[in-house]
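Would you mind keeping the following structure in view while I ask a few things?
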Number of protein chains: 2
Amino acid sequence: MENIPVNSSEYIYRCLKEEILHLKLKPGQSISENELCKRFSVSRTPIRSVMQRLSGEGLMNIVPYKGSFVALLNFNDIEQIIYMRIAVESAVLRDFIPLCTPLLEEKLRYIIRKQMVLMEEKDLDMSRFYELDSQFHEVWFKTAGHNMLWELIQKSEVDYTRFRMLDIVAVQNLPAIIEEHKELFQLIHERRPEGVQPLIEKHLNGGIHRLQTRIHTELRDYFQPESGTDE
Amino acid sequence: MENIPVNSSEYIYRCLKEEILHLKLKPGQSISENELCKRFSVSRTPIRSVMQRLSGEGLMNIVPYKGSFVALLNFNDIEQIIYMRIAVESAVLRDFIPLCTPLLEEKLRYIIRKQMVLMEEKDLDMSRFYELDSQFHEVWFKTAGHNMLWELIQKSEVDYTRFRMLDIVAVQNLPAIIEEHKELFQLIHERRPEGVQPLIEKHLNGGIHRLQTRIHTELRDYFQPESGTDE
DNA sequence: CAGTGGTCTAGACCACCGA
DNA sequence: CGGTGGTCTAGACCACTGG
């Protein structure tokens, strides 16, 4: 049981979405509608509306007559999202370089510094770090007039968001991420669009490299089984 | 009033979606929930579920306390989708070229020929032409293992789908589209990945060039007013 | 069989809009 | 004021699952 603010649906939606994206609800975990009805003290209608929404976004799998489950991560999907991001973001960053003003450079520098400060803290808030990481990338999308693309990519990235979260909380290799951001910054600072593609590629593929071995061991329960391996 | 098959929701959803995408329901047109209740003889619950779904996909705008409307097209969004597609599809097509077998070449040739045949028909079915156009592009996505990306792009393309439909039904410049497909085919056939980028760019921007002038005249009611023009 | 989700009805109350 | 959507309850019946 929890307290029930007005507009239950919206609250419940945010609540569950946050728990899923921050991996508080584990991929694969089962969640029953009736349980949720009790937990939030509401009837099935708002719960179902939330579940439909989450399942529409790919965060939840509703299996008829069996149950509802937090969606597993699909490694292939994640690879493809990264492929797409590399293509799009390289183009955007190349567009951004000639548009980058000293003020924007300072903004980027500022984000990097905040991440460095955050990293030093004990009881480090990983969500906050993730947030800053997003902000960094957001700068060039918005500056180059691709605001809508950034939002679209964010929405399509549901799996990838949890993957990045996993990268951050499980690997905790924050210095590597910051280092890559610095390299990107250097490129922008020196106005060298030719160097964009390989660096973006390296940066966006970073999570895969860092997590690769563990996906098949400790973290395997979070991922969809590869089709045709065993059985 | 219409006949009411089982599983009203799904039927109603398909029905409305088709009518919107094929421009039978005009962008901007108002649609009331209660009207739909009568038309399909169901209560508000299934209607609302359908409306939510459509609005979630960006096909519908639900304006609280005023009404529901078929979403207007947003020219800027369409440009950005095209920008993204150019980046992604160029990469995919470059990957595809070395993977293209003679069998696949025949498949592409076959699609082009079908389009040419279709074009000669009187009472030409534009939806069918659109369908073939999609199939052509789909080939390289699927072959290069980017099946999921293709579906993702299709889903993100709701506005763009109607834009392409507009291009096909309003401009009817089918020879231009076919000609571009032939050029792309030639590139593939000769295994010339360097030529991909500009050609993809030309092809995907084609619709904009063809429609450009009319967007501000006959078709202006279908588009969101540019912010800050008049008023 | 009990439990799950799938679907729907009927009806309620609210907030806001425009005439 | 009547019409619109926003939200929710309560409860019904169904189809399928799994012990």
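Below, chains carry the letters A, B, ... as their sequence lines are ordered, and counting in each starts from 1. What you see is a predicted model, and the numbers here were worked out from it, not measured in a lab.
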Gap between atoms CD1 and C1', on B:Ile62 and D:dT4 respectively (whole Å)
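Atom-to-atom, B:Ile62 to D:dT4, this comes out as 12 Å.
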Expressed in angstrom and rounded to an integer, what is the separation of A:Ile12 atom CD1 from D:dC8 atom P?
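Value for this atom pair: 7 Å.
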Roughly how many Å is it from NZ in B:Lys66 to P in D:dT4, rounded to a whole number?
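It works out to 14 Å between those atoms.
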Closer to the 5' end of DNA chain D via nearest nucleotide, is it B:Ile31 or A:Pro64?
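Whichever sits nearer the 5' end wins; that is B:Ile31.
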Contact under 4.0 Å: A:Ser68 side-chain N or O vs C:dG5 OP1/OP2:
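So the side chain of A:Ser68 is within the cut-off, an N or O lying under 4.0 Å from OP1 or OP2 of C:dG5.
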Shortest non-hydrogen contact from B:Ser134 to B:Trp150?
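Looks like O-CZ2, 3.5 Å.
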Using a strict threshold of under 4.0 Å (side-chain N to carboxylate O), is an ion pair present between B:Arg39 and B:Glu19?
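Counted as a salt bridge, because a side-chain N and a carboxylate O are separated by less than 4.0 Å.
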Check the distance between D:dT9's P and A:Phe40's CZ and give it to me in whole angstrom.
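So the two atoms are 13 Å apart, to the nearest Å.
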Distance below 4.0 Å between A:Ser8 side-chain N/O and D:dT7 OP1 or OP2
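So the side-chain polar atoms of A:Ser8 never come under 4.0 Å of the phosphate oxygens OP1 or OP2 of D:dT7.
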Take the protein atom CD of A:Glu33 and the nucleotide atom P of D:dT9, then report the distance between them rounded to whole Å.
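Rounded to whole Å, this separation is 14 Å.
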Identify the heavy atoms of B:Ala144 and B:Asp95 that sit nearest to each other, and give their distance.
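In terms of heavy atoms, the two residues are closest at CB-CB, 4.2 Å.
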With sequence neighbours left out, write down each residue that passes ring-ring contact (aromatic ring centres under 6.0 Å, His included) with A:Phe136, or none if nothing qualifies.
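Only A:Trp140, A:His181 meet the ring-ring contact (aromatic ring centres under 6.0 Å, His included) criterion with A:Phe136.
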Sub-4.0 Å heavy-atom contacts from residues 43-52 of chain A onto DNA chain C, ordered by number:
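The stretch gives A:Arg44, A:Arg48 as the residues lying under 4.0 Å from the strand, ordered by number.
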Can you check the B:Tyr65 OH to D:dT7 C1' distance for me, whole Å?
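Whole-Å distance recorded here is 9 Å.
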Taking atom types as modelled, find out whether B:His22 and B:Arg162 have a side-chain donor-acceptor pair closer than 3.5 angstrom.
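No, B:Arg162 and B:His22 have no side-chain donor paired with an acceptor closer than 3.5 Å.
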Table please: side-chain donor-acceptor pairs of residues 52-63 of chain B below 3.5 Å, with sequence neighbours left out.
from, atom 1, to, atom 2, distance (Å)
B:Gln52, OE1, B:Arg48, NH2, 3.4
B:Arg53, NH1, B:Glu10, OE1, 3.3
B:Glu57, OE1, B:Tyr13, OH, 3.0
B:Glu57, OE2, B:Tyr13, OH, 2.5

Tell me: CG of A:Asn34 to C1' of D:dA10, nearest whole Å?
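Result: 14 Å.
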